[in-house]
Amino acid sequence: MNRPIVTRFAPSPTGMLHIGGVRTALFCWLFARKHGGRFILRVEDTDLTRSTDDNIRIIEAGMAWCGLDWDEGPVAGEPSRWVGPHGPYRQMMRMDSHYKPAVQKLLDEGKAYRCRCTREDIEARRAAVEAAGKVFQYNRGLDAGKGCRDKGFNGSIPAAVRLKMPESGDIVLHDLIKGDIAFPADSLDDWIIARTPDGADGIGVPTYNFCVVVDDVDMEVTHVIRGDDHVNNTPKQIALYAAFGHDLPAFAHVPMILGADGAKLSKRHGATSITEYQAMGFLPSAIRLALARLSWTPKIDGRAVETAEEELLTDAEMIQLFDLADVQKSAARFDMAKLEWMNQKLIQRATWQEIEPHLAAFMPDAWKTKPDDWKAKAIQCTQKGKNLKEMAGFLEFCWAAPTEFDEKAVEKFMTDAIKPVLREVVALEDYAHDALEAAFNRILEAHGLKLKDLAQALRVALCGKPVSPPIFDTMALLGREEVAARVGKWV
RNA sequence: GGGGCCAUCGUCUAGUGGUUAGGACACCGCCCUUUCACGGCGGCAGCACGGGUUCGAUCCCCGUUGGCCCUACCA
């Protein structure tokens with residue numbers, strides 16, 4: 001009776017991995033991890049026209065990059081392999097083994113029936129009903145008696161299969177986030193569970209709502225956590241569970257993520273695919289945090305997180321604190337500014353070793369040849385950046401001497417008074433931070449100048465512009481020889 | 001059209017039948033400072049509207065408006 005918690009994320013490979021999907025996956029993952037359960041990745045590729053292997057790879061890679069590891073599911077990049085006892089985890093590979101027998105069973109038990117209505121039939125009937133100002137429902141209302149429900153057709157002619165839905169009463173969904181939602185049975189009609197097959201007979205490819213239920217039952221999913229755009233599908237699925245005689249899992253429908261203008265998050269709001277966020281230089285940990293905090297308010301001892309410090313939860317804290325009861329019912333707008341803030345904070349908190357593998361992707365090949373202590377310094381002095389891309393930008397001066405110089409800066413800082421000082425700097429040999437500082441103090445005092453004057457002039461010579469990491473770090477990163485070469489041109 | 005969901009600062013949100021309606025991000029200002037940043041301090045700003053219930057509603061009920069979802073042999 002004490003079944004382990006099992007959640008699943010079931011994307012359809014019809015395009016990029018959407019940020020909203022990642023959030024749903026994250027909630028499933030957090031919930032499973034919190035309860036020591038299993039998290040399943042299942043690919044819903046029954047949309048024959050849009051599903052592709054490339055899209056499946058994109059999903060696998062996106063999930064892996066986000067750190068959402070799955071206990072059961074496909075082996076990334078290997079279509080014919082999977083881990084877990086309930087495979088395969090791609091629906092098209094489960095046709096003959098799972099779905100068709102399940103459809104046949106319902107047919108045999110009289111809970112479903114073959115429907116020979118063609119699309120054209122249905123369209124004509126729909127038009128007729130709508131012309132009368134009514135809502136079309138298959139075999140109901142004005143369409144009553146026109147469907148195939150009681151015709152008892154066999155499979156001798158290719159036919160779709162419809163589920164017999166209850167005609168009265170309410171189907172109620174006990175949602176862990178939304179509460180109880182009742183759907184009048186008479187608002188639903190007999191829906192198609194299997195499409196018309198191409199061949200002469202048999203059973204066609206089952207539809208989404210059917211496969212989901214068969215899979216969730218087979219995979220022993222205990223908690224169906226998904227986007228609330230599925231709320232209206234749930235009564236159909238509940239009826240199917242009933243037809244099969246299976247217990248219902250718990251349902252939790254998480255609110256949508258909207259764009260800044262309140263419309264559904266789409267391409268025109270900027271980035272929607274997880275890959276784009278990766279390319280913008282966000283840390284996966286920041287994506288997880290930002291996504292989790294959309295619609296979810298962590299409570300510490302019953303009190304919502306308050307300070308900025310508390311907002312910056314680690315994965316371990318999120319897992320420990322996660323509770324569906326603290327998930328909002330309403331949709332949330334995606335706030336890029338907050339993501340950037342979180343990203344910056346997490347960059348500041350991370351060790352250089354944690355950042356390096358992510359930062360490397362934004363670096364030129366020369367990065368790889370640098371020793372660890374150099375990388376450590378380079379990362380430490382750019383951890384003020386908002387994202388990895390910006391950090392990489394701060395280090396551009398390391399890879400090539402500047403070829404262009406900021407005119408205003410040259411005019412302002414490359415004064416005649418500073419040149420003799422620059423000559424003394426070139427002669428310096430000890431580049432340890434404290435040694436440089438001591439030497440600078442001595443030189444500056446002798447010339448009656450301020451550090452600012454020297455530092456800015458050096459920045460112009462070294463970087464071509466008056467902006468760089470702290471000047472002693474900048475010099476150390478370049479090394480004595482390179483500093484001498486770049487400054488030498490000005491004296 | 002029908003069905004469903006939702007509604008506190010610009011954004012994410014806390015919250016209670018009586019509160020100066022709290023926090024975070026953003027924004028603005030000041031401070032710090034070797035540049036850019038970081039950081040510190042402070043400030044601006046909100047209960048969608050209309051009815052009820054009540055001594056009293058941001059909170060409870062109804063309605064309106066608005067937003068989103070579903071309404072496929074898509075998922």
Side-chain angles (χ1 to χ4, degrees), chain A residues 10-14 44-51 91 115 117-119 122 130 133-137 159-162 173 175 178-179 181-184 187-189 191-197 204-209 211-212 227-236 253 255-256 258 260-264 290 293-297 299 303-312 328-342 344 348 382-386 390 394 409 413 437 440 444 450-456 458-460 463 465-472 474:
Chain A
S12 63
T14 53
E44 311 219 322
D45 56 351
T46 56
D47 183 334
L48 289 350
T49 56
R50 295 189 295 167
S51 299
Q91 292 187 325
C115 168
C117 299
T118 63
R119 289 173 197 252
I122 302 276
E130 285 174 358
K134 303 283 187 185
V135 175
F136 176 78
Q137 286 190 99
V161 179
R162 286 182 189 266
L173 158 62
D175 194 274
K178 308 263 185 188
I181 303 173
F183 300 86
S187 69
L188 283 340
D189 60 7
W191 53 285
I192 289 183
I193 59 176
R195 302 169 169 95
T196 305
V205 176
T207 55
Y208 162 77
N209 283 117
C211 298
V212 175
D228 72 5
D229 49 338
H230 287 290
V231 166
N232 294 275
N233 290 147
T234 311
K236 292 181 187 174
H253 288 94
M256 302 274 86
L258 308 177
D261 61 356
K264 187 175 181 176
R293 292 293 283 101
L294 231 41
S295 300
W296 172 49
T297 303
K299 302 274 178 75
R303 194 201 84 237
V305 292
E306 283 240 317
T307 63
E309 192 61 32
E310 288 176 343
E311 291 242 23
L312 272 358
Q328 206 76 10
K329 290 180 179 179
S330 52
R333 300 183 189 210
F334 185 71
D335 185 5
M336 194 64 148
K338 193 131 186 183
L339 202 212
E340 285 177 340
W341 173 75
M342 288 172 167
Q344 180 171 55
Q348 286 172 0
T382 55
Q383 279 181 282
K384 59 186 178 177
K386 284 194 296 289
E390 190 172 295
F394 290 151
F413 300 114
E437 187 170 32
F440 269 50
L444 288 167
K450 288 187 200 158
L451 176 56
K452 181 173 182 173
D453 304 321
L454 212 205
Q456 291 305 78
L458 277 169
R459 286 193 168 93
V460 171
C463 309
K465 58 188 180 182
V467 177
S468 87
I471 196 62
F472 302 136
T474 302

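Throughout, protein chains are lettered first and strands after them, A, B, ... in sequence-line order, and every chain is numbered starting at 1.
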Should A:Tyr208 and A:His230 be marked as a side-chain contact (heavy atoms from CB on, under 4.5 Å) after you check the CA-CA gap, both sets of side-chain angles, and the distance that decides it? CA-CA 11 Å; A:Tyr208 162 77; A:His230 287 290; 2.9 Å; yes
Assess whether side-chain contact (heavy atoms from CB on, under 4.5 Å) is satisfied between A:Ile122 and A:Arg119, documenting all intermediate values. CA-CA 5 Å; A:Ile122 302 276; A:Arg119 289 173 197 252; 5.7 Å; no
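Nucleotide B:U34 holds its P atom 11 Å from the CG atom of A:Leu444, rounded to whole Å. Rounded to whole Å, atom P of B:G3 lies 13 Å from atom NZ of A:Lys134. The NZ atom of A:Lys386 sits 15 Å away from the P atom of B:C25 (whole-angstrom rounding). The separation between A:Glu310 atom CD and B:A14 atom C1' is 12 Å, rounded to whole Å. Counting to the nearest Å, the P atom of B:A37 and the NZ atom of A:Lys465 are 12 Å from each other. When the P atom of B:U33 is taken as reference, atom CZ of A:Arg459 falls 15 Å away, rounded to whole Å. As a whole-Å value, the separation of A:Glu311 CD from B:U13 P is 11 Å. Computed from coordinates, the A:Leu312 CG to B:A24 P distance equals 12 Å when rounded to whole Å.
Here, B:C36 and B:U16 have their C1' atoms 46 Å apart, quoted to the whole Å. Spacing between B:U19 and B:A57 at atom C1', rounded to whole Å, works out to 13 Å. Nucleotides B:A72 and B:G67 are separated by 24 Å at their C1' atoms, to the nearest Å. Nucleotides B:C27 and B:U11 have their P atoms positioned 15 Å apart, rounded to a whole Å. Taking atom P in both B:C5 and B:G63, one finds a spacing of 12 Å when rounded to whole Å. Nucleotides B:U58 and B:G17 have their P atoms positioned 13 Å apart, rounded to a whole Å. Across the P atoms, B:G15 and B:G22 are found 14 Å apart, a figure rounded to whole Å. Rounded to whole Å, the P atom of B:C74 lies 35 Å from the corresponding atom of B:U13.
Taking the nucleotide of RNA chain B with the nearest heavy atom to each of A:Asp335 and A:Pro466, the more 5' of the two is matched to A:Asp335. Mapping A:Gln344 and A:Ala308 onto RNA chain B via the closest heavy atom, the residue that lands nearer the 5' end is A:Ala308.
Separating the CG atom in A:Leu458 from the OG1 atom in A:Thr474 is a distance of 9.0 Å, to the nearest 0.5 Å.
Scanning for ring-ring contact (aromatic ring centres under 6.0 Å, His included) contacts around A:Phe413 gives an empty result, with sequence neighbours left out.
Applying the 90° cutoff around 0 to the glycosidic angle, B:C38 is assigned syn.
Counting any heavy atom pair closer than 4.0 Å across all strands shown, A:Phe334 reaches no nucleic acid atom. Residue A:Ser51 is out of contact with every strand shown, counting any heavy-atom pair closer than 4.0 Å. A:Glu340 comes within 4.0 angstrom of no nucleic acid atom, judged by non-hydrogen atoms across all strands. A:Lys450 comes within 4.0 angstrom of no nucleic acid atom, judged by non-hydrogen atoms across all strands. Nucleic acid contact class of A:Ala304 (heavy atoms, under 4.0 Å, all strands): sugar-phosphate only.
Contact detail for A:Leu294 and A:Ala332: the closest heavy-atom pair is CG-CB, 3.9 Å.
Evaluation of atom-type donor-acceptor distances gives a pair under 3.5 Å for the side chain of A:Lys384 against the base of B:C36. Side-chain atoms of A:Lys338 come within donor-acceptor range of the base of B:A24, with a qualifying N/O pair under 3.5 Å.
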For nucleotides 40-47 of chain B, give me one character per nucleotide, 5' to 3': B if any protein heavy atom sits under 4.0 Å from the base, S if the only such contacts are to the sugar-phosphate, - if neither. --------
Its contact letters, B for base, S for sugar-phosphate only and - for none at protein heavy atoms under 4.0 Å, make nucleotides 68-75 of chain B read SBS-SBBB
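At B:G4, none of the side-chain N or O atoms of A:Lys329 fall inside 4.0 Å of OP1 or OP2 (strictly under the cut-off). OP1 or OP2 of B:A14 sits under 4.0 Å from a side-chain N or O of A:Gln328.
Other residues, nucleotides and ligands contribute over 12 non-hydrogen atoms within 6.0 Å of the NZ atom of A:Lys384. Annotation: A:Lys465, atom NZ; neighbour count of heavy atoms from other residues, nucleotides and ligands within 6.0 Å does not exceed 12.
A donor-acceptor distance shorter than 3.5 angstrom exists from the side chain of A:Asp175 to the backbone of A:His253, with no hydrogens or angles considered.
The side-chain contact (heavy atoms from CB on, under 4.5 Å) with A:Arg293 is formed by just one residue from the set A:Asp335, A:Val305, A:Leu312; it is A:Val305.
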